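One-based numbering, in listed order, for ligands and for the atoms of each. None of these values were measured; they are calculated from a predicted model.
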Amino acid sequence: MGMAKIALVTGGNRGLGFEIARQLAQAGVKVVIGARDPRRGGEAADLLRGEGLDAEAVTLDVEDHASVEHATRELEDRYGTLDVLVNNAGILPEATADSREVISTRLFRQTFETNLFGAVSTTEQLLPLLRRSEAGRIVNVSSTMGSLSDQSNPDSPYYELPVPAYRASKAALNSITVGLAKSLADTPIKVNAVCPGSVQTDLAPGQREQAPLTATDAARVAVRYALVDDSGPSGRFFDRDGSVAW
Ligand code: NAP
């Protein structure tokens, strides 16, 4: 019997990340829930263990370099390797900003700190562990709102949505998906970006009530590329219907 794969999901304590963690565990993966609040992380892992799944938690605030380093050491001590990293932690502070500024340095910094630098920092620190895997996989949870093609398409359902910092953070995340895939082309590691669709979570006010997709349905695309086989793609962007234009 082979050893179970090990996966880390950042922001895995609730919303989409929790469902990604659950479905990875249902697929037989040992899943580690990254959560900035240790209590919430522990409760989420307990919930999955209560379903008979193999889940643990690690404290991980993607914005805090020391926290990312500490979580990395913890994973190294516990497992010595990492097979799957899902960069899921993300925020949309523009949804609750008081002012309807067209562009705001403050909101850009805040958004990029989590959505971009959080993913960069986590990936940077965990890459040595992913290199030890026979089939390392990185999934960046992005958004069609980060697609420049979609942003300039008047027929897009998101065309009128003014969240420039969020869009730019996901466009940048898409860019590093391509760059990292190229840099890692001579390794087994595959890096892909996914858009889960519009999901019933608490990312923005009203999102849970208005979004068409349950987290259960939306998580599937992330899980697919987290477990994609050796002949699968790298450096690409997918949603549940297939390839998404950059
Ligand atoms: P959510 O329900 O608000 O959950 C966000 C998760 O990220 C929470 O677990 C939160 O932890 C965590 N998080 C935020 N900042 C963090 C930090 N600094 N360090 C560690 N964890 C942090 O949102 P969601 O909808 O599940 O979003 C998950 C991902 O999907 C995001 O990247 C989002 O951009 C992307 N996405 C969502 C949609 C959608 O329609 N919902 C569409 C496209 C893409 P706490 O519990 O501690 O706050």
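Below 4.0 Å from some heavy atom of L60 lie the following atoms of ligand 1, by number and element: 19 (N), 20 (C). Per-residue contacts place Q207 under 4.0 angstrom from the following atoms of ligand 1 (heavy atoms of the residue considered): 39 (C), 40 (O), 41 (N). In the vicinity of L16, heavy-atom distances shorter than 4.0 Å reach the ligand 1 atoms 26 (O), 30 (O). Set against the non-hydrogen atoms of V62, the atoms of ligand 1 under 4.0 Å away are 17 (C), 18 (N), 19 (N), 20 (C). When each atom of ligand 1 is checked for a heavy atom of S198 under 4.0 Å away, the hits are 40 (O). Each of the following atoms of ligand 1 lies closer than 4.0 Å to a heavy atom of G15: 2 (O), 26 (O). If you number the atoms of ligand 1 from 1 as listed, the ones under 4.0 Å from a heavy atom of R14 come out as 1 (P), 2 (O), 3 (O), 4 (O), 8 (C), 9 (O), 10 (C), 45 (P), 46 (O), 48 (O). Close approach of ligand 1 to D202 (heavy-atom distance below 4.0 Å) involves ligand atoms 2 (O), 3 (O).
Of all protein heavy atoms, the one closest to atom 31 (C) of ligand 1 is N88 O, 3.2 Å. With respect to atom 27 (O) of ligand 1, the closest heavy atom belonging to the protein is L203 CD1, 4.1 Å. Looking only at protein heavy atoms, the nearest one to atom 24 (P) of ligand 1 is T201 OG1, 3.5 Å. Among all non-hydrogen protein atoms, the one lying nearest atom 6 (C) of ligand 1 is G11 O, 3.8 Å. The protein non-hydrogen atom at the shortest distance from atom 22 (C) of ligand 1 is A89 CB, 3.6 Å. Of the protein's heavy atoms, Y166 OH, 3.6 Å lies nearest to atom 36 (N) of ligand 1. The protein non-hydrogen atom at the shortest distance from atom 9 (O) of ligand 1 is N13 OD1, 2.9 Å. Of all protein heavy atoms, the one closest to atom 47 (O) of ligand 1 is R36 NE, 2.8 Å.
Counting only N and O atoms by type, the side chains of E69 and H65 include a donor and acceptor under 3.5 Å apart. With 3.5 Å as the limit, one finds no donor-acceptor pair spanning the side chains of N140 and S142. N192 and T177 are not linked by any side-chain donor-acceptor pair at a separation below 3.5 angstrom, with hydrogens and angles left out of the test. D150 and T144 form no side-chain donor-acceptor contact under 3.5 Å, judged by distance and modelled atom types alone. For the residue pair T114 / E63, a side-chain donor-acceptor distance below 3.5 Å is found, with atom types taken as modelled. Judged by distance alone, the side chains of S67 and D61 never bring a donor and an acceptor atom under 3.5 Å apart.
Between R137 and D230, at least one side-chain nitrogen of the basic residue sits less than 4.0 Å from a carboxylate oxygen of the acidic one, meeting the salt-bridge criterion. With respect to the salt-bridge test (charged N to carboxylate O, under 4.0 angstrom), the residues E56 and R78 qualify. By the 4.0 Å N-to-carboxylate-O rule, R14 lies too far from E43 to be salt-bridged with it. Using a cutoff of 4.0 Å between basic side-chain nitrogens and carboxylate oxygens, E113 and R109 are not scored as salt-bridged.
At a 4.0 Å heavy-atom cut-off, ligand 1 touches R40 through the side chain alone.
At a 4.0 Å cut-off, not a single heavy atom of A211 sits close enough to ligand 1 to count as contact. A heavy-atom separation below 4.0 Å is found between V141 and ligand 1. Residue contacts with ligand 1 do not include S67, since none of its heavy atoms lies under 4.0 Å from the ligand. Using 4.0 Å as the threshold, M145 has no heavy atom nearer than that to any atom of ligand 1. Heavy atoms of F18 come nearer than 4.0 angstrom to ligand 1 in no pair at all. Heavy-atom separations between P196 and ligand 1 include at least one value shorter than 4.0 Å. The closest approach between S142 and ligand 1 falls below 4.0 Å for a heavy atom of the residue.
Taking the side chain as every heavy atom from C-beta outward, L203 and Y166 approach each other to under 4.5 Å.
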Working note: R36 + T59, criterion side chain to side chain donor-acceptor pair (under 3.5 Å); need CA distance, chi angles, decisive distance, verdict. CA-CA 5 Å; R36 56 183 163 180; T59 306; over 6 Å; no
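Once rounded to the nearest 0.5 Å, the distance linking CG of L8 with CG of L126 reads 6.0 Å.
By heavy-atom distance, the residue among C195, S143, G197, G12 lying nearest atom 42 (C) of ligand 1 is G197.
In this structure, the side chain of N115 engages the main chain of I91 through a donor-acceptor pair within 3.5 Å.
The shortest N or O to N or O distance between D37 and ligand 1 is not under 3.5 Å.
For the side-chain contact (heavy atoms from CB on, under 4.5 Å) test with V141, the passing option among V9, L173, N87, I20 is I20; the others fail.
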